[in-house]
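Predicted model only: the values in this text are computed from it and were never measured. Below, all heavy atoms of this structure are taken into account, side chains as well, without hydrogens, waters or symmetry copies. So that the names make sense, note that chain A is the first sequence line, chain B the second, and so on, each numbered from 1.
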Amino acid sequence: MSTYGTTRHHHSPAANFSNRDRATDYHTTLFRRLTWDGTVPLEIRVDPKELPANSDRNLECYFVQAPRVSYLPLLMPEIRRFFMDLVFDETAAKDLKDEEWWFETAEGTLVKWHWPIGLIYDNHTISASLKPTSSRSSTNAIPLRLILHLASPPNEKLLLSPSPEACKQAFMGQLKEADFIRWGSTKRMTGLRQQDQDGLWEGIKEHNFDDYWRVASKVTPTTAPTRAQSPVPPSSSASMVNRPPSADPGGPSERDGAYNVRSIPVRLYVPDGPVIQGLVPPMIDDNTPRTLSHYLVDHIPLLFPASPPAPPPSRANPHPRPPPVPRPAYALIQGIVMPLETEMAWLGGCLAGADGWVNVCIGINH
Amino acid sequence: MLTRPQFDRACKLLVQEYESSRPSFATNALRGWLWTEHPSVSSLGYLSRNSNYLSRHMEPFIHIDSNDNYTEIDEAAAPICIDTEALTSQQYVVYSATFQVPCFYFTMYHSNGAPLSINELLSSTLFRPGILQDADTTTFALTRRNTAFPLLSQGDHPTTGKPCWFLHPCETTIAVEELLKEVEKVADNEDAKLLSWLKMWFVVLGSIIDVA
């Protein structure tokens with residue numbers, strides 16, 4: 001597997017330390033691979049009022065396990081093939097223009113085609129969990145049910161033309177913005193050859209991890225090689241990811257490292273609320289990496305109240321701990337409930353979407 | 001560059017300065033703005049106002065003979081500009097969290113409520129002439145050659161989430177700061193500096209858009 005090294009250095013066991021510096025370390029690659037391979041179930045049906053005459057109603061639903069990092073416009077060819085070839089009657093459907101097709105959730109919310117599919121799904125899952133009728137139970141993934149409309153897109157409420165070209169431009173724009181946020185300029189992205197820039201989008205279209213990361217590893221910050229000591233075991237919360245070893249910020253020169261960026265590209269999605277974006281420097285001070293907890297306490301203190309300090313030591317309690325704080329909310333990233341001690345810089349290097357952004361969706365506990 | 005609190009302050013100062021002033025051509029761009037905040041999240045405030053423009057429809061000069069028959073198109077004569085339709089525009093000055101500068105967002109509609117296509121936008125009186133020079137257009141963006149970002153493209157309004165057209169802010173800081181160097185120093189107080197920065201931003205914006 002050629003996935004562990006950049007194109008500039010071979011990762012051989014005998015490689016010296018500076019070569020290992022350059023090669024993306026095992027843990028980073030593992031989490032990037034897990035993110036890349038993440039999928040969500042979609043169930044797409046055409047609005048029954050819009051089905052062309054003589055459609056085969058037995059086949060009215062298209063099911064697809066879609067990559068989190070992909071986009072709805074990229075799924076359009078297979079969706080169109082399914083409906084045109086199998087469902088719609090040829091004559092009745094010949095005047096349909098797929099540039100007029102648009103999606104709504106089963107609950108009637110417009111779907112933003114320029115959002116990565118994983119983000120659409122996570123937001124929807126949280127929205128659904130907050131409805132009074134939702135059940136607490138299922139940990140199984142519930143399909144995101146989408147209604148496909150065939151005409152009259154509400155242009156004043158949706159960005160125009162969900163064509164693959166528009167989608168590509170939006171995607172490249174997000175990558176460049178992420179670059180700017182990290183380093184204060186878009187030099188790293190614009191310095192790539194046009195062929196390489198196009199290669200990023202091709203990697204998304206073909207859903208090819210190697211093709212995408214061959215280019216992305218040139219512009220995405222890495223976390224430094226791991227320390228020898230073992231990491232703190234994960235807390236007992238419902239997290240499904242082992243806490244990764246923390247990178248050593250004072251370690252070997254990591255000019256382009258995740259802990260040296262100006263700010264991490266992160267956005268916060270509050271249920272039924274606006275998208276929040278602010279400055280997120282990787283370190284609180286010279287020695288303390290910023291964690292998810294710091295970030296959330298800063299931005300949404302009502303949902304993530306700061307822990308009060310521990311009481312002073314007394315004879316009865318020589319090693320006091322801070323009192324427990326109620327946690328009304330949780331943070332979902334790439335569909336995983338994240339431990340609050342996760343470092344923001346690590347998230348930026350390992351769990352960002354393919355567009356460079358870490359999307360944090362906030363859910364409320366029942 | 002401005003921090004968000006600086007942007008908020010500058011905008012409020014602008015609204016204050018012009019809300020009771022007499023209209024004048026020179027200050028058209030700076031008047032009539034309203035400061036609005038998000039109902040539950042702080043630091044998402046923005047300026048907004050409505051404006052009217054006209055569509056600019058260019059016709060070639062056509063000779064008509066004495067019998068009212070069209071004869072020929074006179075290529076040598078300048079095309080006639082026919083201002084036809086009244087267009088309404090909602091305009092917003094929002095804070096770009098990425099580039100940390102103000103950013104101009106807008107929507108524009110025909111009198112029947114339909115949104116304009118990009119070509120209709122570019123040929124309206126909103127844009128200064130020459131906008132199309134050295135630029136490529138698609139149905140969803142206008143990009144000047146050799147630039148990293150499209151000059152004009154679509155995005156969601158950062159506070160309301162509504163889809164709008166917006167002008168990319170990445171070149172703004174450089175332009176504003178260059179211009180500020182040429183201008184006489186204002187008094188040292190922070191408020192005066194912030195207001196001056198924002199006014200200069202409107203000047204830079206005015207080179208692309210008619211902020212009437």
Side-chain angles (χ1 to χ4, degrees), chain A residues 99 109-110 112-115 153-163 165-170 172-182 184-192 197 262-263 265-280 298-302 356-357, chain B residues 1 3-5 37-46 88 90 94-101 103 107-110 113-118 121 136-143 146-150 152-166 168-171 173-174:
Chain A
E99 63 270 17
T109 330
L110 280 177
K112 293 182 186 280
W113 59 259
H114 56 293
W115 281 15
N155 282 325
E156 66 285 3
K157 297 198 205 125
L158 261 185
L159 296 193
L160 290 178
S161 46
S163 62
E165 293 75 32
C167 201
K168 175 183 180 181
Q169 184 173 83
M172 298 305 296
Q174 289 304 303
L175 277 175
K176 290 173 194 167
E177 270 195 48
D179 202 23
F180 185 90
I181 290 208
R182 292 181 195 123
S185 88
T186 55
K187 279 201 316 262
R188 284 166 179 74
M189 274 297 299
T190 53
L192 295 172
Q197 291 189 40
R262 216 170 50 130
S263 173
V266 191
R267 287 186 180 124
L268 195 52
Y269 298 79
V270 181
D272 297 325
V275 180
I276 299 173
Q277 181 188 332
L279 268 184
V280 188
D298 268 347
H299 283 84
I300 35 177
L302 291 177
W357 287 81
Chain B
M1 275 225 282
T3 64
R4 200 184 283 272
E37 298 196 345
H38 189 277
S40 44
V41 178
S42 68
S43 72
L44 280 177
Y46 59 95
T88 51
Q90 286 78 46
V94 308
Y95 182 72
S96 163
T98 300
F99 298 96
Q100 297 182 273
V101 287
C103 189
T107 57
M108 190 121 87
Y109 297 94
H110 290 286
L116 268 65
S117 72
I118 195 171
L121 280 181
D136 299 310
T137 24
T138 58
T139 52
F140 48 89
L142 172 86
T143 310
N146 299 317
T147 55
F149 293 96
L152 173 71
S153 61
Q154 285 204 309
D156 290 334
H157 188 292
T159 308
T160 65
K162 214 173 89 144
C164 296
W165 293 95
F166 74 100
H168 207 278
C170 63
E171 298 295 311
T173 304
I174 306 169

Looking only at atom types and distance, does a side-chain atom of B:R4 sit under 3.5 Å from a main-chain N or O of B:G45, one as donor and one as acceptor? no
CZ of A:R267 to CD1 of A:I276: how many Å apart, nearest 0.5 Å? 12.5 Å
Using non-hydrogen atoms and a 4.5 Å limit, figure out which bit of B:P39 sits close to chain A: side chain, backbone, both or neither. neither
Classify the ring geometry between B:H157 and B:Y46 as parallel (under 30°), tilted (30 to 60°) or perpendicular (over 60°). perpendicular
Which atoms of B:T107 are under 4.5 Å from chain A, going by heavy atoms: the side chain, the backbone, both sets, or neither? neither
Which is it for A:E165 and B:T138 under the side chain to side chain contact (heavy atoms under 4.5 Å, CB included) test, yes or no, and what are the steps along the way? CA-CA 9 Å; A:E165 293 75 32; B:T138 58; over 6 Å; no
Decide side chain to side chain contact (heavy atoms under 4.5 Å, CB included) for B:F140 and A:S163; before the verdict, give the C-alpha distance in whole Å, the side-chain angles of both, and the deciding distance to 0.1 Å. CA-CA 9 Å; B:F140 48 89; A:S163 62; 4.0 Å; yes
Chain B contact via A:Q277 - which portion, at a heavy-atom distance below 4.5 Å: both
Is it the backbone or the side chain of A:R182 that comes under 4.5 Å from a heavy atom of chain B, or both, or neither? neither
Give, as side chain, backbone, both or neither, the part of A:I300 having an atom under 4.5 angstrom from any heavy atom of chain B. neither
Atom CZ of A:F180 and atom CZ of B:F149: how far apart are they, to the nearest 0.5 Å? 8.0 Å
Tell me, side chain or backbone of B:S42 under 4.5 Å from chain A's heavy atoms, or both, or neither? neither
Heavy-atom proximity to chain B below 4.5 Å, by part of A:L302: neither
